[in-house]
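Every number for a ligand or one of its atoms is a count from 1 in the order of the listing.
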Amino acid sequence: MRDFIQALPKIELHLHIEGTLEPELLFELARRNNVSIPFESEAEVGEAYEFTDLQSFLDIYYQGANVLIHEQDFFDLTWAYLLRCQQDNVVHTEIFFDPQTHTERGIEFDTIINGIHRALAQAEVDLQITSRLIMCFLRHLDEAAAFTTLEQALPHRDKIIAVGLDSSEKGNPPEKFQRVFEGALAEGFLTVAHAGEEGPASYISNSLSLLKVSRIDHGVRCVEDPALVERLIADRVPLTVCPLSNIKLRVFDSMAQHNIVELLRKGLCVTINSDDPAYFGGYMNDNFLAVAAAHSMNPREIAQFTFNAIEASFTSTHEKQRLEAIVNDELSLLLRQAD
Ligand code: ADE
Ligand code: ZN
């Protein structure tokens, strides 16, 4: 199973670039930029990454991001993640970034996006990894701050495919950002939103109806509303599920209790993603392996996660056909070897 998962081409649709900051780079950037961090050693960092819920993680995650100052820092962060994609055979990735985490500290919007974008462009040439960029609004901040961020993004609209919504879910419902999302849609951006991670199923339905999202990030609490599950199946609404994240943040007690395989078998367009891999103990292969180990799955079912991700991705029809051909070729080879 390990060899099959390693060889299977993968598509990632739910990845926060700030969540890929590994302790080694955290220390290097802290030194380079003379920023103090609340850890003495990499071992101490590991001990601090024990979370009780989403907020306990976010508090540490925003502190870590303080070491990102210069365009080169954003490039280095993104490039390190793309090298991990190459290791895990991730051939296409759609990346979130949180500009407000940085602009609130006085970092220019251009510094952030130019660093990230330069790494993505280089990966297309040097690593044959294609990508899209999604700008998230921090939902614990207010509507006015989100509108300011949308304005800052307009000169860079060619680099951003969609806007999203992340950070503290409970108490920050989708309706808080309905007008901002209307503005983003009018500017030609697609929309996505984190919903139903810790928040109730109604946040999923309201993200669909009020924010007009093309995908739901997480969405695992949809099962609390059977009518919503039927709607997700009928409309093939993609859910970008993050298994290891959900265990670390205690959305589920164990991987055996995670509902991702149940959702897949019901016919939902579920995908596997790594969310914040530097904090949750694994990149794409680790997430696939953890799901496959806890649920008995056959290779075709595992490959279905990749086909769902191609269907759910924001690439062109032509690019989707290219990705499907890559996966089909590899899959028939792997299945022949297995027989
Ligand atoms: N920001 C980074 N990771 C997140 C998650 N899992 N949920 C909400 N906001 C986030
Ligand atoms: Zn997320």
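Every N/O-N/O distance between His14 and ligand 1 stays at or above 3.5 Å. Backbone and side-chain nitrogen or oxygen atoms of Tyr62 are examined, and none is located within less than 3.5 angstrom of a nitrogen or oxygen of ligand 1. For a threshold of 3.5 Å applied to N or O pairs, the pair formed by Asp98 and ligand 1 contains no separation below that value. Any N or O atom pair closer than 3.5 Å counts here, and Glu197 shares at least one such pair with ligand 1.
A salt bridge links Glu262 with Lys266: at least one charged nitrogen is closer than 4.0 Å to a carboxylate oxygen. Salt-bridge check for Lys170 with Asp53: failed, with every basic side-chain N at 4.0 Å or more from each acidic carboxylate O. Contact check on Arg32 versus Asp73 returns a salt bridge, with a Lys/Arg side-chain nitrogen under 4.0 Å from an Asp/Glu carboxylate oxygen.
Of all the heavy atoms of Glu18, none lies under 4.0 Å from any atom of ligand 1, so neither backbone nor side chain is involved. Neither the backbone nor the side chain of Glu169 has any atom closer than 4.0 Å to an atom of ligand 1 (non-hydrogen atoms only). By the criterion of a heavy-atom distance under 4.0 Å, the side chain of Leu54, and not its backbone, is placed next to ligand 1.
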Step by step, would you call Leu133 with Phe97 a side-chain contact (heavy atoms from CB on, under 4.5 Å)? CA-CA 8 Å; Leu133 199 49; Phe97 74 118; 3.9 Å; yes

Let me see the working for Lys212 and Phe181 under side-chain contact (heavy atoms from CB on, under 4.5 Å), right down to the final yes or no. CA-CA 8 Å; Lys212 312 283 183 227; Phe181 272 59; over 6 Å; no

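If you number the atoms of ligand 1 from 1 as listed, the ones under 4.0 Å from a heavy atom of Asp275 come out as 3 (N), 5 (C), 6 (N). Every atom of ligand 1 with a heavy atom of Phe57 under 4.0 Å away is listed here by number and element: 2 (C), 3 (N). Atoms of ligand 1 found under 4.0 Å from any heavy atom of His218 (numbered from 1 in listed order, with element): 6 (N).
Protein heavy atom at the shortest distance from atom 9 (N) of ligand 1 is Ser167 N, 2.8 Å. The single protein non-hydrogen atom nearest to atom 1 (N) of ligand 1 is His16 CE1, 3.5 Å, given as residue, atom name and distance.
Geometric assessment of Arg179 against the ring of Phe147 yields a negative cation-pi assignment under the 6.0 Å and 45° thresholds. Stacking of Arg84 on the aromatic ring of Tyr283 is recorded, both the 6.0 Å distance cut-off and the 45° axial limit being met.
When the options Val251, Asp276, Asp217 are ranked by their closest heavy atom to atom 2 (C) of ligand 1, first place goes to Asp276.
Within His16, NE2 is the N, O or S atom that lies nearest to the Zn ion (ligand 2).
For the Zn ion (ligand 2), the set of nearby N, O or S atoms under 2.8 Å includes none belonging to Cys242.
Draw a line from the Zn ion (ligand 2) to NE2 of His14 and another to OD1 of Asp275, and the angle between them is 80° (to 10°).
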